[in-house]
Amino acid sequence: VVPAELKKKNQLSKEIKDLRGQATANHTLAKIYHALGYNDKAASEYEQSLKISVEIGDRWSESRAWIYAGSVLVETNASVAEEKINKGLV
């Protein structure tokens, strides 16, 4: 269901060690999974995006990942979601 081009971009980013590109691809994949209702996959992709964003010191992408990960969790676990969203707003 996920566009092949996006999966390819994610793989290429990993191969050339383009961490920013990889974080962006993970984030986009997560948005697609979330829209399709695959919340576990979406959460996993947001967590990967978050991990990379922290690693490269990209505070804007880190904040965005926290907020979006929280939005996925709102549907399953409100208290954890609130914590993640608040971390993204700091």
Test side-chain contact (heavy atoms from CB on, under 4.5 Å) applied to S61 - qualifying residues, sequence neighbours left out: S53, D58, R64
ILVMFWY network linking L50 to I56, side-chain heavy atoms under 4.5 angstrom: no
Side chain to side chain donor-acceptor pair (under 3.5 Å) involving H34 - partner list, sequence neighbours excluded: E75
Taking every non-hydrogen atom, the tightest pair across S49 and A23: OG-O, 3.2 Å
Side chain S63, main chain R59, donor-acceptor under 3.5 Å: no
Option passing side-chain contact (heavy atoms from CB on, under 4.5 Å) with E45 (candidates Y68, Y33, Y38): Y33
Residue pair N26 / Y46, side-chain heavy-atom distance below 4.5 Å: no
Point-to-point distance, once rounded to the nearest 0.5 Å, from CD1 of I52 to CD of E55: 7.0 Å
Salt bridge (charged side-chain N to carboxylate O under 4.0 Å, His left out) contacts touching residues 30-44 (sequence neighbours left out): none
Separation between CD of Q22 and NZ of K17, rounded to the nearest 0.5 Å: 9.5 Å
